[in-house]
Q: 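Encoded as structure tokens, here's the structure I'll be asking about.
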Number of protein chains: 2
Amino acid sequence: MPRTARRRASISDVARLAGVSVGTVSNVLNRPERVSAATRERVQTAIAELSFVPNGSARQLRVGTITTVGAVVLDISNPFFTDLARGIEARLDQDDYTLMVASSDEDPEREARYLRLYEQHGVQGIMVVPATDEIDHLVALAERGVGIVLLDRPSPVESLSSVAVDDVHGGALAVRHLLEQGHERIAFLNGPHTIHQCADRYEGAVQAVEAAGLDPAVVLEELTVSLNADGGDAGTRQLIDRDDRPTAVFCVNDLVALGSLRTLRRAGLSVPDDLAVVGYDDVTFAAELATPLTSVRQPTHELGVRAADLLLRGSDAEPQHVVFQPALVVRESSAR
Amino acid sequence: MPRTARRRASISDVARLAGVSVGTVSNVLNRPERVSAATRERVQTAIAELSFVPNGSARQLRVGTITTVGAVVLDISNPFFTDLARGIEARLDQDDYTLMVASSDEDPEREARYLRLYEQHGVQGIMVVPATDEIDHLVALAERGVGIVLLDRPSPVESLSSVAVDDVHGGALAVRHLLEQGHERIAFLNGPHTIHQCADRYEGAVQAVEAAGLDPAVVLEELTVSLNADGGDAGTRQLIDRDDRPTAVFCVNDLVALGSLRTLRRAGLSVPDDLAVVGYDDVTFAAELATPLTSVRQPTHELGVRAADLLLRGSDAEPQHVVFQPALVVRESSAR
DNA sequence: TCAGCGTATTGAATCGTTTCATCGTGCGCG
DNA sequence: CGCGCACGATGAAACGATTCAATACGCTGA
């Protein structure tokens, strides 16, 4: 069979074959009850015959709307963000919306690229975990009528809806716990403060130290690492090669903590005796690691559901700011 | 500021404001070198003034093509599939293509829905991990000119490109290893055989038993579970509540294995002494679990890269069938 | 027989781009 | 002085659907 590069069948091809007008074909597609059984039958045969699939761009150009929403997360490899996506999807499914997910990899360029892509394709709204503190472009998007919900961080402006978890509190929970365990030198493997969650968790850490009447400059040491297991490896290697090694590590997420635990194990150090470790997110595998990981749990799924909820209210509904509270889950990695 | 529901600015609004024709605006957008510096300047000011964003649907309707490809995977929560997606993205980035990912959750309905969505929006091609063995709809898609690459399973038909890992061999590797460890009663926590990978891994398991001169009906016991940690929990609970408990469990993926290990730990059973466990995929956390997990490693990232490679050759290139080989990584969960 | 009505179908306008044949204009050159 | 040539800019057609006012066609009842 020769590979004929034939054009996709259009609605008028169908109309011609069925011997009706394009309007009728469109009616068969969208309001079948308006067309007589006989014609409907004939049109449907023609559709099958040509294996016609309506052109989504044409449809969307005409009707102007689409039941798709986009999401941009920081890192699709991080279970936290896929759980979040699942929460979003769960809510969207109820209204027959579909979700497109993209990963910015914490790169503002990539974030902008996907935002542009989504806007150009006229999605109903976008949920985004911003890669930086700079959100003017999001405000601009919203002003152009695109529904925007800030994910996993509170909105700095009134006009943008947001769904967040109190990261300051989360950071404080983790560090207060380590202080209570008697640690007085704590390393914080964190990401860049341009990422809001990182800045907030650090602030919480500082507050916890101060609340205990100690000096953050002495107790707390921050290392900037990349937000994955490799980052945990790298940061931890730096720590253990020194004589004034801290006694505890607080990792900004569980992936970093995974890398940290991995490196400690390879170096033959024991957790929590030589070094206590606390993670963040409480992902599925956290409880099942060689040393079960103490972690700050977030209502991840609920976060997604709520965000989708806000988005589906439409872009002209009153902006709303939801903040959930995190909880500490203590396991062996920080206490016996 | 009153919330004016004003229409999105179009190219003709820009033209009017800049005092030029729409054709010129389009040229500024797409071939700036063809328009004089003065006009270009004027048009760009108008664009900024109206914060004009071109309508992607209209553009695509006209040019007919788009630099986006879609992927449908079985489960976005499974690190195996996100690693796969990362591989795809890595290759697509080189050609400035963008990737949209969706999760079928092993539901043929959902799969079909996303395929339709992608086709309607005229994506350049689709990579899909089929949820069932029935792939006629994919062949039909390909015949309509949509580039299709089967992911993670060999194509049963010549005309569809595919990138796969030898699952029969992988299943055999796992079970042969368990037999060598002296196990003679092995449970296989598997998914439904309608999922090709599941069927193949089972076939490999049977082959390994036969190659050892044993009877699969005696040695092997298959339990069908859902392909996540909860499935592992459920399947394992069934096993341990019996007196004729097997001595080893082969889990069809690492998520199932995670659930299995979790349940065994809670039941106070020791791994591998009471029960040996082998997983599949060798995800990041496999080596760091309470009992480091023996697993079958796949070249996941490479799989994605290669699939994207095939897709980018265009839909009329000669179909190709790539098969990678898996490797067994032995850890404590199956041997001391 | 015909007015009147309801139902099924039609056909043209429309959405916002891109593309391309056409048109003006200013300039160099014979 | 006038011809031809570049170069910029123009404007209309085309992409493929949806929508809606207009029309065609039977039928019923007076």
Side-chain angles (χ1 to χ4, degrees), chain A residues 6-44 46-47 50-68 116-117 119-123 144-146, chain B residues 5-44 46-47 50-67 116-117 119-123 144-146:
Chain A
R6 78 185 155 242
R7 198 175 43 83
R8 240 171 99 161
S10 84
I11 202 173
S12 64
D13 296 325
V14 175
R16 200 170 319 121
L17 181 60
V20 298
S21 77
V22 294
T24 302
V25 178
S26 176
N27 279 334
V28 170
L29 258 27
N30 303 301
R31 336 238 231 330
E33 74 284 0
R34 289 214 192 154
V35 17
S36 73
T39 340
R40 200 188 315 149
E41 182 81 9
R42 213 142 31 90
V43 170
Q44 262 150 359
I47 288 178
L50 298 170
S51 55
F52 161 75
V53 176
N55 181 319
S57 306
R59 157 170 238 287
Q60 193 189 328
L61 172 60
R62 184 59 235 260
V63 309
T65 182
I66 189 186
T67 60
T68 297
R116 204 175 323 122
L117 190 73
E119 182 181 16
Q120 287 185 354
H121 284 77
V123 297
R144 270 177 256 144
V146 183
Chain B
R6 81 186 151 239
R7 196 176 45 83
R8 238 172 100 162
S10 83
I11 203 174
S12 65
D13 297 326
V14 175
R16 199 170 320 120
L17 181 59
V20 298
S21 76
V22 293
T24 302
V25 177
S26 176
N27 279 335
V28 170
L29 256 28
N30 302 300
R31 335 236 232 329
E33 74 284 359
R34 289 214 192 155
V35 18
S36 73
T39 340
R40 202 188 313 150
E41 182 81 8
R42 212 142 34 91
V43 170
Q44 263 150 0
I47 288 179
L50 299 170
S51 56
F52 161 74
V53 176
N55 180 319
S57 306
R59 156 169 241 286
Q60 193 188 328
L61 172 59
R62 184 58 235 256
V63 308
T65 182
I66 188 185
T67 60
R116 204 177 322 121
L117 190 72
E119 181 181 17
Q120 288 184 353
H121 283 77
V123 297
R144 270 176 255 143
V146 183

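Each chain gets a letter, A, B and so on, in the order the sequences are listed, and its residues count up from 1.
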Q: Output the rounded distance in Å from CG (Leu50(B)) to P (dG16(C)).
A: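 Between P of dG16(C) and CG of Leu50(B): 13 Å.
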Q: Cut-off 3.5 Å, no hydrogens considered: what does the side-chain donor-acceptor table look like for residues 15-24 of chain A, sequence neighbours left out?
A:
unit_1   : atom_1 : unit_2   : atom_2 : d
Ser21(A) : OG     : Gly23(A) : N      : 3.4
Ser21(A) : OG     : Thr24(A) : N      : 3.4
Ser21(A) : OG     : Thr24(A) : OG1    : 3.3

Q: Tell me the closest heavy-atom pair linking Ala58(B) and Asn55(B), and the distance in Å.
A: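 Shortest heavy-atom separation between Ala58(B) and Asn55(B) comes out as N-OD1, 3.0 Å.
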Q: Which atom names give the shortest non-hydrogen contact between Thr68(A) and Val123(A), and what distance separates them?
A: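 Taking every non-hydrogen atom into account, O-CB, 3.5 Å.
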Q: If I take atom CD1 in residue Ile11(B) and atom P in nucleotide dG16(C), what distance separates them, rounded to the nearest angstrom?
A: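 Result: 11 Å.
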Q: May I ask you to say what Val25(A) touches in the nucleic acid, namely base, sugar-phosphate or nothing, with a heavy-atom cut-off under 4.0 Å?
A: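 Touches nothing.
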Q: Give the first and the last nucleotide of DNA chain D, reading 5' to 3', that has any atom under 4.0 Å from a heavy atom of chain B.
A: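 It runs dG8(D) to dG16(D).
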Q: Mind grabbing the angle between the end helix axes of the helix from dT1(C)-dA30(D) to dG30(C)-dC1(D)? Five pairs an end, 10° rounding.
A: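 Answer rounded to 10°: the end axes differ by 60°.
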Q: Is there side-chain contact between Phe52(A) and Leu29(A), with heavy atoms separated by less than 4.5 Å?
A: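 A side-chain contact under 4.5 Å exists here.
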Q: When all nucleic acid strands are considered with a 4.0 Å heavy-atom cut-off, which category describes Thr39(B): base, sugar-phosphate, or nothing?
A: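 Answer is sugar-phosphate: Thr39(B) comes under 4.0 Å of backbone atoms only.
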Q: Under 3.5 Å, side chain of Asp13(A) to main-chain N/O of Ser10(A), donor-acceptor pair present?
A: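 Yes.
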Q: Taking the minimum atom-to-atom distance to the side chain of Leu61(A), which one of dC15(C), dT18(C), dG11(C) wins?
A: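 Of all the options, the side chain of Leu61(A) is nearest to dC15(C).
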Q: Check whether any side-chain nitrogen or oxygen of Ser36(A) sits under 4.0 Å from OP1 or OP2 of dT9(C), and answer yes or no.
A: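 Yes, such a contact exists.
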Q: List for me each residue that meets side chain to side chain contact (heavy atoms under 4.5 Å, CB included) alongside Arg34(A), sequence neighbours excluded, and say none if there are none.
A: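 Scan of Arg34(A) (side chain to side chain contact (heavy atoms under 4.5 Å, CB included), adjacent residues dropped) gives Arg31(A).
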Q: Over how many whole Å does the gap from Gln60(B) atom CD to dG16(C) atom C1' extend?
A: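 Taking atom C1' of dG16(C) as the reference, CD of Gln60(B) is at 13 Å.
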Q: So for Arg62(B) and dT18(C), does any side-chain atom that can act as donor or acceptor lie under 3.5 Å from a complementary atom in the base?
A: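 In this structure, the two groups form a donor-acceptor pair.
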Q: When rounded to the nearest 0.5 angstrom, what is the spacing between CG in Leu50(A) and CZ in Arg144(B)?
A: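 The CZ atom of Arg144(B) is 11.0 Å from CG of Leu50(A), to the nearest 0.5 Å.
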Q: How long is the gap from CZ on Arg59(B) to OG on Ser26(B), to the nearest 0.5 Å?
A: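 One gets 8.5 Å once the value is rounded to the nearest 0.5 Å.
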Q: Under 4.0 Å, counting only non-hydrogen atoms across every strand here, what does Ser10(B) touch: a base, just sugar-phosphate, or nothing?
A: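 Sugar-phosphate only.
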Q: Could you list the residues that satisfy side chain to side chain donor-acceptor pair (under 3.5 Å) with Thr67(B), not counting sequence neighbours?
A: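 Thr67(B) satisfies side chain to side chain donor-acceptor pair (under 3.5 Å) with no other residue.
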Q: Using a 4.0 Å cut-off on protein heavy atoms (strictly under), produce a 5'-to-3' string for nucleotides 20-25 of chain C with B for base contact, S for backbone-only sugar-phosphate contact, and - for none.
A: ------
Q: Could you check how far CD of Glu119(A) sits from P of dT17(C), rounded to whole Å?
A: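 To the nearest whole Å, that distance equals 12 Å.
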Q: Should Thr39(B) and Arg42(B) count as side-chain neighbours, where that means a heavy-atom distance under 4.5 Å?
A: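 Heavy-atom side-chain distance check passes, below 4.5 Å.
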Q: Specify the separation, in whole Å, of atom CG of Leu29(B) and atom P of dT18(C).
A: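 My rounded result for the distance is 6 Å.
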Q: Is the side chain of Gln60(B) donor-acceptor paired with the backbone N or O of His121(B) at a distance under 3.5 Å, no angle test?
A: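 Flag set: sc Gln60(B) to bb His121(B) pair under 3.5 Å.
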Q: Under 4.0 Å between any heavy atoms, over every strand shown, what does Thr24(A) touch: base, sugar-phosphate, or nothing? Just pick one.
A: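 It contacts base atoms.
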Q: With no hydrogens and no angle check, is any side-chain donor or acceptor of Gln120(A) less than 3.5 Å from a backbone partner on Val53(B)?
A: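 No.
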